[in-house]
There are 4 protein chains.
Amino acid sequence: MARRAGSIGSETARDIRAAALRLFARHGYAAVSMRQIAAAVGIRAGALYNHFPTKQDILRELMVGHMEALIGAWERESFRFVDPVAALEGFVRFHIRYHLDKADAVFLAYMELRSLEPDNFRAVDRLRQYYEGCLRKILARGSADGAFTVADVPVGAMAIIAMLTGLNCWFRAGGRLGVDAIAEIYVRMALGSVGARLAAPA
Amino acid sequence: MARRAGSIGSETARDIRAAALRLFARHGYAAVSMRQIAAAVGIRAGALYNHFPTKQDILRELMVGHMEALIGAWERESFRFVDPVAALEGFVRFHIRYHLDKADAVFLAYMELRSLEPDNFRAVDRLRQYYEGCLRKILARGSADGAFTVADVPVGAMAIIAMLTGLNCWFRAGGRLGVDAIAEIYVRMALGSVGARLAAPA
Amino acid sequence: MARRAGSIGSETARDIRAAALRLFARHGYAAVSMRQIAAAVGIRAGALYNHFPTKQDILRELMVGHMEALIGAWERESFRFVDPVAALEGFVRFHIRYHLDKADAVFLAYMELRSLEPDNFRAVDRLRQYYEGCLRKILARGSADGAFTVADVPVGAMAIIAMLTGLNCWFRAGGRLGVDAIAEIYVRMALGSVGARLAAPA
Amino acid sequence: MARRAGSIGSETARDIRAAALRLFARHGYAAVSMRQIAAAVGIRAGALYNHFPTKQDILRELMVGHMEALIGAWERESFRFVDPVAALEGFVRFHIRYHLDKADAVFLAYMELRSLEPDNFRAVDRLRQYYEGCLRKILARGSADGAFTVADVPVGAMAIIAMLTGLNCWFRAGGRLGVDAIAEIYVRMALGSVGARLAAPA
DNA sequence: AATGAATGAGGGTTCATTCAT
DNA sequence: TATGAATGAACCCTCATTCAT
């Protein structure tokens with residue numbers, strides 16, 4: 001009936017985020033109830049509202065948080081790549097690694113855009129476009145210096161991102177191929193799709 | 001209070017399918033109520049049950065119907081392609097054209113697998129795998145005769161299908177590029193991704 | 001689980017109105033739950049929504065309906081009174097009789113104005129002002145022809161209406177005095193309060 | 001997280017009383033939450049329970065406190081009136097002045113009797129009857145010495161009190177008439193209602 | 001084949017209250 | 001004395017579904 005000994009708000013909030021992420025990714029935002037989230041955390045539904053004002057706010061926080069983390073992570077990596085071919089290779093490996101690592105968040109970010117209320121949608125969409133812009137910049141640079149043959153940079157970027165992200169739909173850890181092997185395959189396919197190929201290791 | 005003048009059962013069922021498809025695709029299965037579907041058709045919720053035993057049955061029928069139609073359509077086309085390169089090109093053009101044509105059904109088929117009850121999921125999944133098998137066969141043939149350089153046929157097939165299907169997420173008729181122009185771009189990218197390229201038109 | 005044999009919508013709606021009126025009047029709008037109303041009618045809470053879109057709509061309908069009925073009833077009576085003294089006497093008797101007859105609706109109309117959402121409040125308030133206007137007209141006429149001594153017609157009308165309506169707070173049928181006896185007392189007090197008195201019966 | 005700098009228990013309790021009074025009067029007891037009260041005071045809901053054991057206790061304290069203060073104030077005035085006409089005039093002026101001064105408490109005392117639990121109701125009701133008895137005594141005295149013509153003293157007392165208290169429903173400071181002007185009107189009406197009139201000022 | 005009235009479960013959210021801190 | 005995290009009950013309302021009509 002009251003605070004349980006040892007309960008700490010920030011930890012509960014973290015647990016709620018984690019439980020909601022997992023459940024939303026598996027069953028979809030609309031199909032998950034606040035009671036289910038609470039049960040996964042080990043509290044009652046009402047207590048969720050000490051940490052998040054509404055269910056929609058949980059979703060927003062998860063999606064915005066994911067996109068910001070994704071962009072931040074890429075920006076910490078991208079500075080290393082000058083050569084467009086290396087940059088595309090780096091982007092593919094980064095994207096696959098990150099997306100398999102945070103499979104639930106990625107899945108959510110692609111599947112539940114429609115569950116966001118207009119304002120939240122705009123915020124997330126802006127971030128998503130920014131991330132896609134990172135790939136477009138690489139393609140544009142490679143296109144300009146002749147490394148890539150890209151008929152259309154925006155279309156090419158969407159095609160490659162879709163190809164990579166599709167991984168999340170079927171990849172399961174412990175399957176026939178490991179992450180590295182799969183990343184290798186995708187690097188070759190992505191480079192091939194823009195008319196380039198991996199530089200032979202020196 | 002009874003049958004509406006001029007109503008014919010099969011027409012109502014068709015209207016229900018169409019309305020449900022549209023609504024499920026836009027808002028998600030879980031987020032659409034039987035009342036919404038009924039309202040879109042112009043009847044009351046109770047009348048839906050004269051045509052479909054449950055909401056889940058509407059979903060199943062839509063998804064199975066879509067996959068069967070998709071496979072049927074491809075099989076009517078595929079016999080024409082002997083050469084793997086031509087076959088891949090044909091597959092890409094077919095998939096894009098079909099998917100943009102039936103955008104809602106495609107979207108549903110990819111998004112709502114998780115909303116299917118186990119039996120229905122298995123039925124739809126079997127069909128989906130069959131369709132993916134069609135592309136795998138092309139890649140395998142091209143790989144065998146040296147036309148393609150594919151590190152892993154199943155992975156390659158998934159990558160290409162994801163790339164193509166991703167189109168549905170962002171393509172809007174009337175945009176900067178038409179369907180044919182986009183298909184052209186994707187043909188080149190898909191071929192490139194497996195180390196091939198369009199044969200110069202004779 | 002479905003419609004019960006013999007259930008008729010209009011009858012259920014009437015029962016809901018009656019039950020809600022009784023409960024709102026006794027416990028207050030905010031303190032009455034939809035489940036309580038449903039239980040009083042003998043149905044489940046969800047079924048209420050086949051008849052009224054929201055709880056607020058029940059309240060609005062009760063209050064608007066009451067005010068319209070009240071005004072309608074007075075207008076069917078008032079034409080009979082030419083003489084202001086007789087009109088005031090008629091008004092007092094009418095108001096008391098009507099208010100004791102429909103004690104719950106009257107109580108609601110005076111107590112739950114604050115529970116109405118803005119639009120609904122305006123609608124009810126307009127009707128209430130119209131009714132008060134009926135008494136103001138009587139006072140004004142009597143004031144003009146010297147029958148009454150009224151320092152301020154609007155204030156006088158409010159004072160008399162409050163006096164009469166206050167009856168509802170304490171009058172209980174079967175008490176020491178019957179309705180007619182009480183009406184007689186109030187007629188004298190109301191007339192006295194505007195400096196008039198009952199004409200001696202001829 | 002603990003006592004706020006400079007906070008003094010009795011001040012907080014007073015603030016709570018004031019905030020609850022205001023909110024209860026405006027929205028009704030049932031429609032006001034402990035969180036709203038706490039927010040109005042600038043503390044959290046839990047802290048209210050350091051000052052009042054339950055929400056009901058706040059209401060009881062407000063209502064009992066108001067009735068006791070009202071009775072105390074009248075008793076400090078009433079001794080001055082020997083003559084019944086002057087006493088009734090004094091009562092009217094006192095009641096109006098006091099009620100407009102403490103409009104929220106008065107409103108609460110008349111509106112929320114039904115929100116009191118049985119024991120608390122009895123306590124408040126006893127006080128209310130005592131206060132009404134003060135007016136009854138005046139009417140009885142005036143009736144006995146021929147100053148008033150009252151058909152029924154208890155009914156007359158209720159009628160006059162309702163008339164006066166009704167003021168609270170519509171009077172707004174700053175309106176067309178000031179408190180004194182209105183009190184003047186009500187004095188005349190109240191005296192008239194019992195067949196008396198203001199003595200001409202000597 | 002359609003309606004309209006019902007159910008029982010459950011939705012998101014708020015409530016008064018408790019209690020470790 | 002105040003906070004913030006929790007409870008369990010209840011809130012209004014919507015759900016898929018049923019069935020008399």
Side-chain angles (χ1 to χ4, degrees), chain A residues 1-13 30-38 42-56, chain B residues 1-5 7-9 11-13 30 32-38 41-51 53-56, chain C residues 1-13 30 32-38 42-56, chain D residues 1-5 7-9 12-13 30 32-38 41-51 53-56:
Chain A
M1 258 195 237
R3 184 179 198 151
R4 289 168 313 171
S7 95
I8 295 175
S10 60
E11 288 178 4
T12 302
V32 172
S33 76
M34 293 297 267
R35 278 168 184 80
Q36 281 175 270
I37 298 170
I43 58 179
R44 307 294 153 206
L48 294 173
Y49 292 84
N50 288 325
H51 305 280
F52 296 88
T54 67
K55 186 186 178 190
Q56 172 77 199
Chain B
M1 271 202 219
R3 186 175 200 150
R4 291 170 308 164
S7 88
I8 295 176
E11 286 183 1
T12 302
V32 172
S33 74
M34 292 296 265
R35 275 168 182 77
Q36 282 176 268
I37 298 170
V41 176
I43 58 179
R44 308 284 164 237
L48 295 173
Y49 293 83
N50 290 323
H51 303 277
T54 68
K55 185 186 177 189
Q56 172 76 199
Chain C
M1 262 195 230
R3 182 180 199 151
R4 289 169 313 169
S7 94
I8 296 176
S10 60
E11 288 179 4
T12 303
V32 172
S33 75
M34 292 298 264
R35 273 172 185 77
Q36 282 174 269
I37 298 171
I43 58 179
R44 308 295 152 207
L48 294 173
Y49 293 85
N50 289 324
H51 305 279
F52 296 88
T54 67
K55 185 186 178 189
Q56 171 77 199
Chain D
M1 269 198 222
R3 186 175 201 150
R4 291 169 307 164
S7 87
I8 295 176
T12 301
V32 172
S33 74
M34 292 297 266
R35 274 168 182 77
Q36 281 175 269
I37 297 170
V41 175
I43 59 179
R44 309 284 165 238
L48 294 173
Y49 291 84
N50 290 323
H51 304 279
T54 68
K55 185 185 176 190
Q56 173 77 198

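Proteins come first, then strands; the chains are lettered A, B, ... in the order of their sequence lines, and each starts at number 1. These numbers come from the heavy atoms of this one structure, side chains and all, not from hydrogens, waters or symmetry mates.
- Comparing A:Ser10 and B:Ala45 by the nucleotide of DNA chain F that holds the closest heavy atom to each, the one mapping nearer the 5' end is A:Ser10.
- Here the shortest heavy-atom pairing between D:Met34 and D:Thr54 reads CE-C, 4.4 Å.
- Contacts of residues 47-54 of chain A with DNA chain E (heavy atom under 4.0 Å): A:Tyr49, A:Thr54.
- For the pair D:Lys55 NZ and E:dT18 C1', the computed distance is 17 Å after rounding to whole Å.
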Item checked: Paired and unpaired positions of DNA chain F as dot-bracket, Watson-Crick or G-U wobble under 3.5 Å, | denoting a partner strand -> .||||||||||||||||||||

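- Here A:Ile43 contributes atom CD1 and A:Asn50 contributes atom CG; the two are 8.0 Å apart, rounded to the nearest 0.5 Å.
- Minimum heavy-atom separation, A:Ala31 to A:Gln36: O-OE1, 3.4 Å.
- If A:Ala30 and B:Gly46 are placed on DNA chain E by their nearest nucleotide, the residue sitting closer to the 5' end is B:Gly46.
- Between A:Arg35 and B:Gln56, the one whose closest nucleotide on DNA chain F sits nearer the 5' end is A:Arg35.
- In this structure, C:Ile43 atom CD1 and E:dG8 atom P are separated by 12 Å, rounded to whole Å.
- Neither OP1 nor OP2 of E:dA1 sits under 4.0 Å from any side-chain N or O of B:Thr12.
- The phosphate of F:dA6 (OP1 or OP2) has no side-chain N or O of A:Arg44 nearer than 4.0 angstrom.
- Residue C:Ala38 comes nearest to C:Arg44 through the heavy atom pair CB-C, 3.6 Å, listed as atom of the first residue, atom of the second, then distance.
- Distance CE (D:Met34) to P (F:dA2): 13 Å, rounded to an integer number of Å.
- In this structure, the side-chain contact (heavy atoms from CB on, under 4.5 Å) partners of A:Arg35, at least two apart in sequence or on a different chain, are A:Ser33, A:Ala45.
- Considering only side-chain N and O atoms, A:Ser33 lies under 4.0 angstrom from the phosphate OP1 or OP2 of E:dG11.
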